[in-house]
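Just so we're on the same page: letters track the sequence lines, and every chain starts at 1. Every heavy atom of this structure was used, including side-chain atoms; hydrogens, water molecules and symmetry mates were not. None of the values given here were measured: they were computed from a predicted structure.
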2 protein chains.
Amino acid sequence: MVSSIPIPRDSEAKLQHILRTASQVFAQRGFAGASMRDISRATGVSLAGLYYYFENKQHLLYLIQNTTFTFVLESLRLRLRGVHEPPERLRLLVLNHIEYFLSHPNEMKVLSHEEDALGDPYGEKVQAIKRRYYALAREIFDSIAAEGLAPQIHPRIAVLSLFGMMNWTYKWHKPGVDPDAAELTAAIVGLFLHGVLPSGPEPKHMFREGITAGDPR
Amino acid sequence: MVSSIPIPRDSEAKLQHILRTASQVFAQRGFAGASMRDISRATGVSLAGLYYYFENKQHLLYLIQNTTFTFVLESLRLRLRGVHEPPERLRLLVLNHIEYFLSHPNEMKVLSHEEDALGDPYGEKVQAIKRRYYALAREIFDSIAAEGLAPQIHPRIAVLSLFGMMNWTYKWHKPGVDPDAAELTAAIVGLFLHGVLPSGPEPKHMFREGITAGDPR
DNA sequence: AGGCGTCTCGAACGTTCGTTCGACAAATGT
DNA sequence: ACATTTGTCGAACGAACGTTCGAGACGCCT
């Protein structure tokens, strides 16, 4: 009498566990390089048992990408509510993106790295979310650009370069060593808006020290 | 008597053809997703015949990554000769990178996308070149940063963000539609140094057209 | 002519792949 | 009590995988 909706709640949690674990396997070995047996081993679910939760391997990847991307986009929409100042909206875009990147590195790596791995039943759906996400970012940028833009800056290139900075982080960011989400967001937003050079009109001939920390990795 | 070096010159050209074609296949299907039979079909060389030119599939990927990366690094070193002004050196770094990206999209995609696909006999060698390349970029950046840096900018993050902007281009750049190498380089360098906002001290409500501040370029 | 590297390939090797099948236990509905 | 749904799995399927082998064709030296 209490349960009017016949959703098997036990199963939903297990699906989430499979999605999380499969993301880790895909992140490590790549989609094509990871086998169903790898995922079976990592999740503890038998090889045949996996197919109760999705139709095939591609569908599993689609489930990961779709839920991840949908969450990121919806989370951003929530954060943007009631915020109308363009610079703050940009900051929230970057913060939302980076925060999810650092808290769910496997899912985000699969999302970034396995963009083209999906066939056309599933691929188009993920592409649709990506287009909405890009359009939202483009809107935010355009409202910033409305107050003036540096010369030689194409809006499309600017936005895609911003995504380049953000999406590249999964290749180098080491938790505990590199800055956390807040600091990384401030750095990227600052770089995007003002560049690395100080904004003062006369930057030449300043002999400051302290930029010798070598960390090639 | 004339030939002291027993290099089979006929074979070298064919190896290059295999490397070029295999790059295309790897770029389209990914390293793990591409089969030796795919490469055999694309190159016109029989399946067994391929193994005359390399030991195994990983070695083939290594050959592609090593020659590509070595060429890019050496090409940059050549361009940097005799140029000592830090901003111009930065511009040459970006130009060299972007030019090769747009003229050899397959090879560069394989280089960027298949970073971790190489096992440890080969993987370490490519990593070594990458470290040298990063160190060179870091040097260039540090000499620019010596004249002052915007607040909240970590050198490591700045350089890696620059690589993020550059390496992300293969995901979106469409030849003929998007700007060519020269224009793209100018956009990225401008964004990296000064950001997207106009550099004047009063960014709000300025209806000026071009910039007039003393900026030698 | 004959021997020898260089180059090429069809055919096959053993392994691993994604996916399916049928059986079965436990919960659920009636 | 029984029928049905939900969840799980061992075993097997054919296909595709990376790699090897032995044989043969070609050009070059003596």
Side-chain angles (χ1 to χ4, degrees), chain A residues 1-19 21-23 25-26 28-64 110 114 117-123, chain B residues 1-19 21-23 25-26 28-64 110 114 117-123:
Chain A
M1 177 225 189
V2 184
S3 65
S4 60
I5 303 176
I7 291 181
R9 310 199 167 272
D10 195 20
S11 172
E12 184 60 26
K14 191 159 186 177
L15 173 60
Q16 295 306 321
H17 168 248
I18 293 176
L19 259 39
T21 311
S23 297
V25 177
F26 284 154
Q28 279 169 357
R29 304 165 108 87
F31 174 69
S35 72
M36 284 295 161
R37 284 160 182 85
D38 291 332
I39 295 170
S40 165
R41 201 173 308 116
T43 55
V45 182
S46 75
L47 184 57
L50 290 172
Y51 284 85
Y52 175 77
Y53 292 92
F54 39 84
E55 303 170 2
N56 48 51
K57 197 186 174 188
Q58 289 228 1
H59 187 209
L60 168 59
L61 177 60
Y62 165 74
L63 253 30
I64 293 174
V110 171
E114 240 62 64
L118 237 30
D120 232 351
Y122 309 116
Chain B
M1 172 220 207
V2 184
S3 65
S4 59
I5 303 175
I7 290 181
R9 309 200 168 272
D10 193 23
S11 173
E12 184 61 25
K14 192 162 187 176
L15 173 60
Q16 296 305 323
H17 168 246
I18 292 176
L19 259 40
T21 311
S23 297
V25 177
F26 284 154
Q28 279 170 356
R29 305 165 108 87
F31 174 69
S35 72
M36 284 295 162
R37 285 160 181 86
D38 290 333
I39 296 169
S40 165
R41 202 174 307 116
T43 55
V45 182
S46 76
L47 185 57
L50 290 172
Y51 284 84
Y52 176 78
Y53 292 92
F54 40 84
E55 303 170 0
N56 48 51
K57 197 186 175 189
Q58 288 228 3
H59 188 207
L60 168 59
L61 177 59
Y62 166 74
L63 254 31
I64 294 174
V110 172
E114 239 63 64
L118 237 30
D120 231 353
Y122 310 115

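- When rounded to the nearest whole Å, the span between NE2 of B:His17 and P of C:dT8 equals 12 Å.
- Nucleic acid contact class of A:Tyr53 (heavy atoms, under 4.0 Å, all strands): sugar-phosphate only.
- Taking all atoms of both residues into account, the shortest heavy-atom contact from A:Ser40 to A:Leu47 is OG-N, 3.3 Å.
- Within the cation-pi definition used here (under 6.0 Å to the ring centroid, within 45° of the axis), A:Lys14 does not qualify as a partner of A:Tyr53.
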Next item on the list: Heavy atoms under 4.0 Å is the rule here; annotate nucleotides 14-26 of chain C 5' to 3' with B where the base is hit, S where only the sugar-phosphate is, and - elsewhere.
Entry: ---BBBBB-----
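- Residues meeting the salt bridge (charged side-chain N to carboxylate O under 4.0 Å, His left out) test with A:Arg41, sequence neighbours left out: A:Asp38.
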Next item on the list: Determine, stepwise, if the pair B:Glu55 / B:Tyr122 fulfils side-chain contact (heavy atoms from CB on, under 4.5 Å).
Entry: CA-CA 12 Å; B:Glu55 303 170 0; B:Tyr122 310 115; 3.1 Å; yes
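- The distance from atom CD of A:Glu12 to atom P of D:dT6 is 14 Å, rounded to the nearest whole Å.
- For the pair B:Phe54 CZ and C:dT8 P, the computed distance is 12 Å after rounding to whole Å.
- A tilted orientation is assigned to the rings of A:Tyr51 and A:Phe54, their planes being inclined by 30° to 60°.
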Margin query: Please convert DNA chain D into dot-bracket. A pair counts if it is Watson-Crick or G-U wobble with both distances under 3.5 Å; crossing pairs go in [ ] and bases paired with another strand get |.
Written below: |||||||||||||||||||||||||.|..|
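- For the pair B:Tyr52 and C:dT8, the criterion of a side-chain N or O lying under 4.0 Å from OP1 or OP2 is not met.
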